[in-house]
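What follows is a short report on a single structure.
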Amino acid sequence: MNFRIGHGYDVHRLQEGLQLVLGGVAIPYEKGFVAHSDGDVAIHAICDALLGAAAMGDIGLHFPDTADEFAGIDSKVLLRRVVALLTEQGYRIGNVDCTIRMQRPKLRPYIDTMRHTLADAMGVDDDQVSVKATTTEHLGFEGREEGVSVSAVALIYRA
Ligand code: MG
C-alpha cells in the first residue's frame with residue numbers, strides 16, 4: 001500500500017453583508033467571504049491537502065481565480081473535481097482533518113453537517129472526515145473577525 005500525506009492552508013477575508021459558506025454549509029453571520037469563488041476557505045484548504053498528497057500542485061493551478069468559469073462557484077464542485085483528478089491517478093482517500101480558526105460565531109452546531117457535506121462531496125464516509133474549530137482568543141486577524149484561516153491534512157493511498 002502506497003500511503004501519502006498532504007497539507008493545505010488557506011485564508012479568506014470577511015466582509016459585512018456577504019453570505020458565509022464554510023465546509024459546504026451556509027452559516028448565519030453578519031459577514032461572508034470576499035473571494036472569486038464562494039470563498040469556502042475550509043474546502044480550499046482540503047483541496048490543497050488532497051492535491052498536495054498527490055503532488056499535483058494546488059487549487060490555484062487547477063482553478064485559476066482569473067477564470068470566469070470559477071466566478072462565484074460552489075466550492076463543493078471544486079472539491080469533487082479534485083477528488084476526480086486523484087481518482088484518475090488511482091488514489092483513494094484515507095481521511096481528511098481540518099482546523100478552522102474563527103472567532104465567531106460558534107461553529108459547534110454546524111460541525112457534523114459540515115463533515116457530512118464534505119464527505120458526500122468527496123465520496124467517502126463521514127467518519128473519514130474531521131472538522132475542528134478554534135478561536136484564536138481574539139488574537140490576530142481571525143480574532144479581530146477580519147478573516148478566517150483553515151489548515152487541513154489529508155491521507156491518500158494507492159493499493
Ligand atoms: Mg481560497
Side-chain angles (χ1 to χ4, degrees), residues 4-87 89 91 93 95-105 107 110-111 113-124 128-136 139-156:
R4 302 179 64 114
I5 190 166
H7 171 255
Y9 176 75
D10 197 23
V11 173
H12 278 288
R13 196 156 57 82
L14 287 165
Q15 186 175 292
E16 307 261 345
L18 297 175
Q19 212 211 346
L20 179 69
V21 181
L22 192 57
V25 178
I27 295 172
Y29 182 49
E30 63 267 27
K31 297 178 183 177
F33 293 120
V34 180
H36 187 66
S37 65
D38 66 4
D40 193 324
V41 65
I43 290 186
H44 297 178
I46 290 169
C47 285
D48 269 358
L50 291 167
L51 289 168
M56 289 174 65
D58 60 27
I59 194 171
L61 175 74
H62 295 279
F63 314 111
D65 64 7
T66 49
D68 291 344
E69 183 192 350
F70 305 121
I73 198 168
D74 178 342
S75 290
K76 292 194 292 298
V77 173
L78 305 182
L79 181 56
R80 282 193 205 99
R81 287 208 207 174
V82 165
V83 173
L85 287 169
L86 265 59
T87 304
Q89 297 300 315
Y91 289 116
I93 295 170
N95 71 298
V96 169
D97 182 26
C98 70
T99 302
I100 302 166
R101 288 172 284 263
M102 186 171 196
Q103 192 63 43
R104 268 193 336 117
L107 296 177
Y110 309 102
I111 294 287
T113 311
M114 286 186 202
R115 290 179 57 215
H116 180 70
T117 303
L118 293 166
D120 187 57
M122 290 187 279
V124 300
Q128 289 171 272
V129 182
S130 163
V131 177
K132 310 187 303 300
T134 183
T135 72
T136 58
L139 295 168
F141 65 84
E142 301 99 327
R144 292 189 299 270
E145 300 180 43
E146 294 168 359
V148 175
S149 65
V150 179
S151 51
V153 289
L155 185 129
I156 63 172

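Here, residue 1 is the first one in the sequence, and each next residue gets the next number. As the structure lists them, so they are numbered: ligands from 1, and atoms in each ligand from 1.
With respect to the Mg ion (ligand 1), Asp10 has OD2 as its nearest N, O or S atom.
Remark: the backbone N or O of Val11 is not paired with any side-chain donor or acceptor of His44 at under 3.5 angstrom. Between the Asp97 side chain and the Val153 main chain, no donor and acceptor come within less than 3.5 Å of each other. Counting only distance, with no hydrogens or angles, the side chain of Gln128 and the backbone of Ile93 share a donor-acceptor pair below 3.5 Å.
Tyr110 is linked by a ring pair (Phe, Tyr, Trp, His ring centres under 6.0 Å) to nothing, counting only residues two or more places apart in sequence or in another chain.
Metal site remark for the Mg ion (ligand 1): Asp65 contributes no N, O or S atom at a distance under 2.8 Å.
Rounded to 10 degrees, the NE2-metal-ND1 angle spanning His12 and His44 at the Mg ion (ligand 1) equals 90°.
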